[in-house]
2 protein chains.
Amino acid sequence: MAKAFVTSVDVAQRAGVSRSAVSRTFTEGASVSPDVRRKVLQAAQELGYRVNRLAQGLNNSSSNLVGVVGANLSLPFMAKQLDMLSIGLLRRGQQCLLLNAADARSDIAPLIELIFEFRARAIVVLSGEPPMSIVDECLANGVKLIVINRQLARSDTDIILSDDIAGATLAAERLKTAGCQKVAVVTSGSETPTQLRRCEAFSSVMTAAGTEIVVWRDGPTTYETGLKAARELLCDRQIDGAFCVTDIMALGFLDGARNDMGRLVPEDLSVIGFDDIPQASWRSYELTTIAQSFEVLTEAVLAALDHELGQSVITNVPVTLIERNTVRR
Amino acid sequence: MAKAFVTSVDVAQRAGVSRSAVSRTFTEGASVSPDVRRKVLQAAQELGYRVNRLAQGLNNSSSNLVGVVGANLSLPFMAKQLDMLSIGLLRRGQQCLLLNAADARSDIAPLIELIFEFRARAIVVLSGEPPMSIVDECLANGVKLIVINRQLARSDTDIILSDDIAGATLAAERLKTAGCQKVAVVTSGSETPTQLRRCEAFSSVMTAAGTEIVVWRDGPTTYETGLKAARELLCDRQIDGAFCVTDIMALGFLDGARNDMGRLVPEDLSVIGFDDIPQASWRSYELTTIAQSFEVLTEAVLAALDHELGQSVITNVPVTLIERNTVRR
DNA sequence: CTCTCCCTTGAACACGTGTGCAATATTGCA
DNA sequence: TGCAATATTGCACACGTGTTCAAGGGAGAG
């Protein structure tokens with residue numbers, strides 16, 4: 001029953017010009033006389049005219065929508081990423097079509113297909129891994145595919161990776177400096193490539209240094225998982241260091257260690273995280289962690305939107321050690 | 001240079017049928033023989049056909065996009081809300097066009113106009129306040145407008161409100177029960193209606209009870225603001241209770257009180273928040289707070305999408321007191 | 001005044017889809 | 001088999017826009 005929107009025909013009629021003139025008035029760089037332009041703008045204003053982006057998109061067979069696929073958007077890391085990305089897109093004059101995968105394990109293929117249907121120019125995958133068939137289809141249809149923190153085994157897609165290896169190495173070095181003898185690695189059971197890389201790099205550095213490590217892997221990537229890890233791991237009183245592959249788990253681990261297992265951090269136990277989410281700097285935690293710059297990450301994504309199709313640019317987001325108060329000096 | 005997407009003409013040609021048959025195959029409840037349907041589906045599969053939603057939308061002059069306007073998406077409360085909303089929309093077969101207002105104070109009118117251009121069926125305003133002219137335009141063009149936690153002075157828009165009055169009253173009662181003599185109210189300088197309502201309701205209950213109150217108002221709605229509030233307020237050693245109108249500020253306040261101002265919570269000082277964000281239940285805080293159910297809120301928004309246009313349904317999201325460990329028993 | 005050149009304008013087409021309408025094929029029944 | 005009723009199909013149109021093309025008009029130079 002919706003009343004129809006005002007169209008360019010209505011505006012043209014009111015302004016006493018042709019529909020082409022209206023279209024040209026709203027098209028950058030088209031040729032319109034100042035007089036006509038003025039009349040059109042006034043008529044449009046009075047009628048409340050809004051360009052129909054659907055028709056516009058149909059015409060040049062592509063919308064300027066950017067599809068964003070994510071999951072667990074309420075986790076601080078994801079939320080921050082989405083926040084900055086959506087702001088950046090808007091500033092560039094592109095719109096953000098958000099598809100939330102509800103479950104990190106669920107197949108994101110249907111969501112990407114949905115984005116195809118809207119003729120989006122680009123797809124940003126914040127979490128989950130697109131199947132190869134979809135990657136091919138993107139390429140075939142001229143859709144830019146940008147994958148974050150997920151290593152795809154091909155050379156025609158933009159990939160943006162936090163420098164997990166360097167970060168995990170930094171963490172390992174720091175715990176060695178702190179003099180840790182037996183170190184726990186806490187990771188989730190979801191086995192995302194990012195977490196696997198961090199875990200593996202850390203382990204290999206530690207092993208090479210002859211430090212004893214114990215890997216704990218279970219549950220989803222949440223605060224509660226970190227808490228549980230602390231409760232189970234810290235029965236072993238020899239453990240004097242921990243690397244949690246994600247800040248959110250590190251915070252849970254910290255709380256478990258201090259409040260449930262009676263450890264003093266950093267005196268008895270050194271804890272280090274990864275990501276530098278906002279909560280990591282809160283006074284109750286002051287978590288020493290590996291930061292990856294959200295600004296750099298976002299900029300990399302936005303820059304990737306302009307890259308030529310089919311070429312592969314792998315951007316490494318640099319990491320830095322943020323020294324706070326959970327590792328012994 | 002984008003290769004064109006496959007169209008229904010291509011599919012029709014391959015399947016050896018008319019284009020209408022293709023359209024009907026993908027239209028619920030249209031009349032197609034099983035034989036034709038099979039051929040069409042196979043051809044579509046082989047060619048990788050995807051309906052063009054832009055054309056579809058142009059045809060029935062409306063997309064099934066739902067515009068979502070928000071700001072500060074990385075704050076836990078917002079993030080959680082957006083997370084659940086986007087999942088709910090997807091489940092209903094609607095898509096989420098996300099416009100991030102970057103700044104809570106910025107004018108959201110241009111964003112809403114953008115949504116108009118996409119011929120969205122509905123607009124959900126998570127934060128910020130739409131100007132009246134926009135509200136009128138929504139009504140005129142058959143766009144459902146749903147405003148959250150913002151009281152509009154009109155009777156033709158759906159409004160969803162957390163029951164701030166009841167919540168603030170609960171908080172006040174609880175602090176009275178705890179025996180507080182002098183109570184601080186911590187709120188931000190952004191003066192959102194929600195915060196103003198909570199602040200005012202709390203104050204009036206306390207004043208009526210003869211309890212001394214001191215209102216602190218400054219800065220944005222952040223953790224740091226809460227921290228600052230604690231540092232400034234708690235120089236006054238008579239203050240033995242605090243109501244922070246938002247959990248995120250309450251957590252900052254708690255940290256400031258304990259770590260910087262040396263207060264014991266809940267022994268010396270009772271603190272109560274509002275929203276029940278995930279972090280409130282973390283072991284380091286265990287914040288007593290007023291919870292508004294995110295589930296109920298989300299359901300209310302989704303339900304509002306189906307309401308008839310122009311009628312006003314004001315939904316109050318009920319609140320409950322979550323008793324944890326920051327108020328004396 | 002005439003010719004040329006450039007700026008402006010309107011008509012017509014294409015984009016890809018859903019659907020009303022009329023024509024045709026199929027089924028059910030006697 | 002014959003007839004009516006029903007199911008299926010194809011044609012053509014509408015949705016609102018950007019753009020090409022040819023035509024019109026005005027200005028400047030000779």
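Naming convention: chains lettered A, B, ... in sequence-line order (proteins, then strands); numbering from 1 in each chain. Note that the coordinates shown come from a computational prediction; the quantities given were computed from them, not determined experimentally.
Remark: A:Gln56 engages A:Val51, A:Arg53 in a side-chain contact (heavy atoms from CB on, under 4.5 Å) (not counting sequence neighbours). Applying the side-chain hydrogen bond (donor to acceptor under 3.5 Å, both in side chains) criterion to A:Asp156, with sequence neighbours excluded, gives A:Arg154.
Nearest-nucleotide positions on DNA chain D place B:Val17 closer to the 5' end than the other of A:Leu58 and B:Val17.
Listed by first and then second residue, the side chain to side chain donor-acceptor pair (under 3.5 Å) pairs involving residues 10-36 of chain A are A:Arg14-A:Glu46, A:Asp35-A:Arg38 (not counting sequence neighbours).
Between the C1' atom of C:dA12 and the CG atom of A:Asn59 lies a distance of 13 Å, rounded to the nearest Å.
Both tests do not hold together for A:Arg50 against A:Phe5: distance to the six-membered ring centre under 6.0 Å, angle to the ring axis within 45°.
Formation of a donor-acceptor pair under 3.5 Å by the A:Asn316 side chain with backbone atoms of A:Pro318 is not found in this model. Proximity of a side-chain donor or acceptor of A:Asn52 to a complementary backbone N or O of A:Leu54 within less than 3.5 Å is detected.
If you check every strand for non-hydrogen atoms under 4.0 Å, A:Ser20 touches a base.
Contact footprint of chain B on DNA chain D: nucleotides with an atom under 4.0 Å from a non-hydrogen protein atom, first to last in 5' to 3' order, D:dT8 to D:dG16.
If one axis is set at each end of the helix from C:dC1-D:dG30 to C:dA30-D:dT1 from five pairs, those axes are 30° apart, to 10°.
Contacts of residues 21-41 of chain A with DNA chain D (heavy atom under 4.0 Å): A:Ser23, A:Arg24, A:Thr27.
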